[in-house]
Number of protein chains: 4
Amino acid sequence: MTTAHRRSEQARQAIMRAALEICREQGYARLTMEGVAAKAGVGKQTIYRWWPSKGTVVLDAFLEELGPAIEVPPTTDELADLRLSLRRAAELLSHPRYGSMLADLVGALQHDEALAAEFHKRVYQPVRQQTVERIERARLSGAIGNVDTGLAADLLFGPLWFRTLLTRQPPTPDYADQIVDIALAGLCAATS
Amino acid sequence: MTTAHRRSEQARQAIMRAALEICREQGYARLTMEGVAAKAGVGKQTIYRWWPSKGTVVLDAFLEELGPAIEVPPTTDELADLRLSLRRAAELLSHPRYGSMLADLVGALQHDEALAAEFHKRVYQPVRQQTVERIERARLSGAIGNVDTGLAADLLFGPLWFRTLLTRQPPTPDYADQIVDIALAGLCAATS
Amino acid sequence: MTTAHRRSEQARQAIMRAALEICREQGYARLTMEGVAAKAGVGKQTIYRWWPSKGTVVLDAFLEELGPAIEVPPTTDELADLRLSLRRAAELLSHPRYGSMLADLVGALQHDEALAAEFHKRVYQPVRQQTVERIERARLSGAIGNVDTGLAADLLFGPLWFRTLLTRQPPTPDYADQIVDIALAGLCAATS
Amino acid sequence: MTTAHRRSEQARQAIMRAALEICREQGYARLTMEGVAAKAGVGKQTIYRWWPSKGTVVLDAFLEELGPAIEVPPTTDELADLRLSLRRAAELLSHPRYGSMLADLVGALQHDEALAAEFHKRVYQPVRQQTVERIERARLSGAIGNVDTGLAADLLFGPLWFRTLLTRQPPTPDYADQIVDIALAGLCAATS
DNA sequence: AGCTAAGCGAGACGGTACGTCACGTCTTACA
DNA sequence: TGTAAGACGTGACGTACCGTCTCGCTTAGCT
């Protein structure tokens with residue numbers, strides 16, 4: 001038997017739309033559950049029924065719009081894929097609409113375990129997985145040295161996030177390229 | 001000259017102490033101005049008179065305890081200094097007492113311009129300055145290639161913060177060492 | 001004519017039972033439609049389909065249990081019947097299970113017109129009618145003076161309800177007897 | 001030492017005024033704490049700080065306006081005073097502005113212990129005390145028989161409240177007079 | 001025997017109000 | 001004048017119920 005009167009798709013979409021809109025217009029910090037409910041024309045309970053915190057609402061809304069855009073389709077050239085992947089990340093972090101939203105989301109992660117778990121599963125891990133696999137393949141093909149793949153991934157993505165989160169100056173595509181250049185040089189030299 | 005009955009040093013210290021204690025016991029997110037005032041036995045006004053937000057209170061409290069510990073006295077071996085500096089950062093970020101506090105502070109930065117400015121001036125810049133100078137000297141001495149010093153600094157510190165902020169797994173000293181190894185390898189190879 | 005496969009008697013009884021139970025355990029104020037539905041294992045709609053408000057549910061439940069107990073079978077001695085009727089009322093109002101429920105119901109009457117009408121028709125009027133008739137007969141037989149019967153009825157029942165509703169000290173049988181004694185004395189003396 | 005920044009008289013009055021107005025315009029049942037706060041231009045907390053429930057707010061507001069009007073100045077003729085006192089009660093209960101408010105208040109008493117206690121102390125007892133004393137004096141002077149004074153008081157006031165609360169037909173002055181006539185006749189006859 | 005329309009349980013929905021928390025401002029009395 | 005205390009207006013929190021609605025299901029009563 002199925003559960004009667006299932007979740008309203010209409011309400012869900014209204015909430016996603018409202019969350020994004022408020023986030024864009026007033027910023028994540030000013031976004032409140034009440035505000036989302038009001039703008040979406042929805043009862044607060046309907047939000048709390050399906051999302052535990054404003055962070056998860058925004059995360060969902062974010063992924064609904066940009067989930068697919070995060071991934072980079074694999075080619076045979078792993079290093080080029082990595083380079084493109086970094087560029088994509090830089091573009092996202094410097095996106096006028098989603099950049100500071102992402103930064104705020106990561107900020108909220110610091111004191112919201114549930115959100116942290118969700119972010120890890122749905123944003124961090126997917127990209128991480130792809131990155132690590134590419135590095136692994138590059139390593140096997142001898143394109144880079146014998147290094148810890150996780151560490152290599154940190155070396156690539158770390159600087160982008162560091163710049164975004166600590167200085168609030170989002171990275172440019174050129175910055176991403178330079179990071180790739182130097183990091184890969186280091187990784188080639190490495191033999192661990 | 002006695003400063004007359006101007007600002008009460010006693011109150012200041014009580015506030016710093018209370019802020020740290022609450023931050024440690026309940027986390028930055030649960031720390032409130034009211035809570036600090038109550039625990040410090042101080043009027044709320046007294047806090048608002050001297051600090052604009054809870055972030056700045058915590059930042060001050062943090063620096064009062066750990067300000068000196070951030071810097072690494074310079075020796076003649078710049079690369080060794082950089083390595084030690086990275087280790088210090090890793091230690092701080094994984095410190096049971098101050099690690100998550102720092103992460104929370106950076107989280108709060110994302111939606112608090114005043115705090116961001118303060119953090120930049122009193123935490124980010126000092127370390128940055130030192131780091132950049134070391135890299136510059138290393139470059140001049142030929143120890144590393146001809147690279148953008150800011151970018152090099154990001155390459156070193158980025159991974160540490162990335163790991164801390166996005167995965168909530170604070171970096172180990174060993175992790176810091178590995179980062180230095182690979183990053184410096186890359187920086188040596190670079191000539192750009 | 002059969003009532004066809006319409007209303008479920010089982011659901012009705014479950015609702016009555018649940019209402020009484022909640023009323024007894026938590027009091028009328030804490031009784032909610034949702035609570036009744038849950039405890040009765042019934043959909044909310046099923047309650048709303050047959051009762052307009054929680055007051056009417058409780059009133060029905062109350063009458064189902066105590067409806068018959070309200071009336072006093074008539075004998076030839078009207079004054080004795082009145083006396084017994086007062087005692088019955090006193091017992092009901094001081095009943096550990098139904099006393100405060102009745103008081104709460106009358107409380108709810110004050111802001112629920114529909115409930116007030118229902119209460120009037122099904123509780124107040126039946127007793128009133130009987131009382132008034134008895135007084136009328138007593139008057140015709142000369143046992144009491146020539147008084148307004150409604151006023152006389154108020155004189156008898158008023159004090160009981162007054163005590164219950166304003167002081168929350170339910171009347172004792174002895175109290176009821178004393179009221180009858182004095183009221184009848186007054187009614188005898190009256191000639192108006 | 002006195003407590004700093006004491007209670008704001010201005011806020012108190014605004015709340016009293018708002019409560020009365022809402023009660024008059026929409027009835028006690030529709031009066032909410034939020035509504036009072038909004039109409040008074042006051043924070044909800046300010047209401048909750050000083051009153052535990054909406055019942056006590058309304059009770060205070062009621063007493064502020066009608067407290068003095070409840071009492072009947074004593075003369076040497078106790079029976080006349082009692083008669084006047086009953087008339088006053090009848091007038092109050094049938095007052096277009098305060099009658100149903102009082103009834104609602106007594107309704108709320110049934111499920112609000114704190115309110116019941118407050119009502120008892122500030123409304124019921126003062127009138128009761130005066131009434132009982134008058135009856136006692138009348139008894140000593142031989143104007144009425146040797147009866148329980150409390151019971152006598154119930155006999156007088158009971159019918160008025162009974163009529164108000166159970167039939168929602170407020171008593172007329174004439175009704176009050178008739179009650180006094182018959183009740184006193186009964187009390188004279190009594191010797192108990 | 002099969003059809004169909006109601007009543008049913010479940011529970012999501014848009015709302016309103018709850019009572020609480022913390023915000024940042026203010027006022028008062030003391031030192 | 002700075003301070004401890006704490007009341008104030010404000011706004012958001014997360015919860016409880018309201019009364020309405022929409023689902024599938026069960027079942028009685030009519031073809």
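Convention: sequence-line order gives letters A, B, ...; per-chain numbering from 1.
- Atom NZ of A:K39 and atom P of F:dA12 are 13 Å apart (whole Å).
- Panel note: side chain B:K54, backbone B:Y28; a donor-acceptor pair is recorded below 3.5 Å.
- In this structure, of F:dC8, E:dC23, E:dC13, it is E:dC13 that holds the atom nearest to the side chain of A:T46.
- At F:dA7, none of the side-chain N or O atoms of D:S8 fall inside 4.0 Å of OP1 or OP2 (strictly under the cut-off).
- Summary for the helix from E:dA1-F:dT31 to E:dA31-F:dT1: the axes at its two ends, each from 5 pairs, differ by 10° when rounded to the nearest 10 degrees.
- If you measure from atom CD1 of D:I47 to atom C1' of F:dT10, you get 13 Å, rounded to the nearest angstrom.
- Using a 4.0 Å heavy-atom cutoff across all strands shown, A:R7 reaches sugar-phosphate atoms only and no base atom.
- Between A:R30 atom CZ and F:dC13 atom P there is a gap of 14 Å when expressed in whole angstrom units.
- Distance D:R49 CZ to F:dT10 P: 14 Å, rounded to the nearest Å.
- Counting distance only, with no hydrogens placed and no angle test, the side-chain atoms of B:K44 and the base atoms of E:dG24 include a donor-acceptor pair under 3.5 Å.
- With E:dC13, F:dA12, F:dT15 as the candidates, the nucleotide lying closest to the side chain of A:Q45 is F:dT15.
- Legend: residues meeting side chain to side chain contact (heavy atoms under 4.5 Å, CB included) with D:Q10, ordered by chain and number and at least two apart, are D:S8.
- Here the closest non-hydrogen pair linking D:M33 and D:W51 is CE-O, 4.3 Å.
- If you check E:dG9, F:dC17, E:dG19 against the side chain of D:M33, the one that comes closest is E:dG19.
- Across all strands, B:G41 comes closer than 4.0 Å only to sugar-phosphate atoms, never to a base (heavy-atom distances).
- Going from atom NZ of D:K54 over to atom P of E:dT16 covers 17 Å, rounded to whole Å.
- Taking the side chain as every heavy atom from C-beta outward, D:V106 and C:Q110 never approach each other to under 4.5 Å.
- Between A:E9 and A:R12 there is a salt bridge, since at least one side-chain N of the basic residue sits less than 4.0 Å from a carboxylate O of the acidic one.
- The nearest whole Å value for the distance from the CD atom in D:Q13 to the P atom in F:dC8 is 13 Å.
- At the phosphate of F:dC8, OP1 or OP2 sits under 4.0 Å from a side-chain N or O atom of D:W50.
- Side-chain proximity of D:Y48 to the nucleotides F:dG9, E:dG19, F:dT20 is greatest for E:dG19.
- Here B:R122 pairs with B:E118 in a salt bridge; the nearest charged N to carboxylate O distance falls below 4.0 Å.
- The separation between C:Q26 atom CD and F:dA16 atom C1' is 13 Å, rounded to whole Å.
- With rounding to whole Å, A:E34 atom CD is found 17 Å from E:dA22 atom P.
- The nearest pair of heavy atoms linking D:L59 to D:V123 is CD1-CG2, 3.7 Å.
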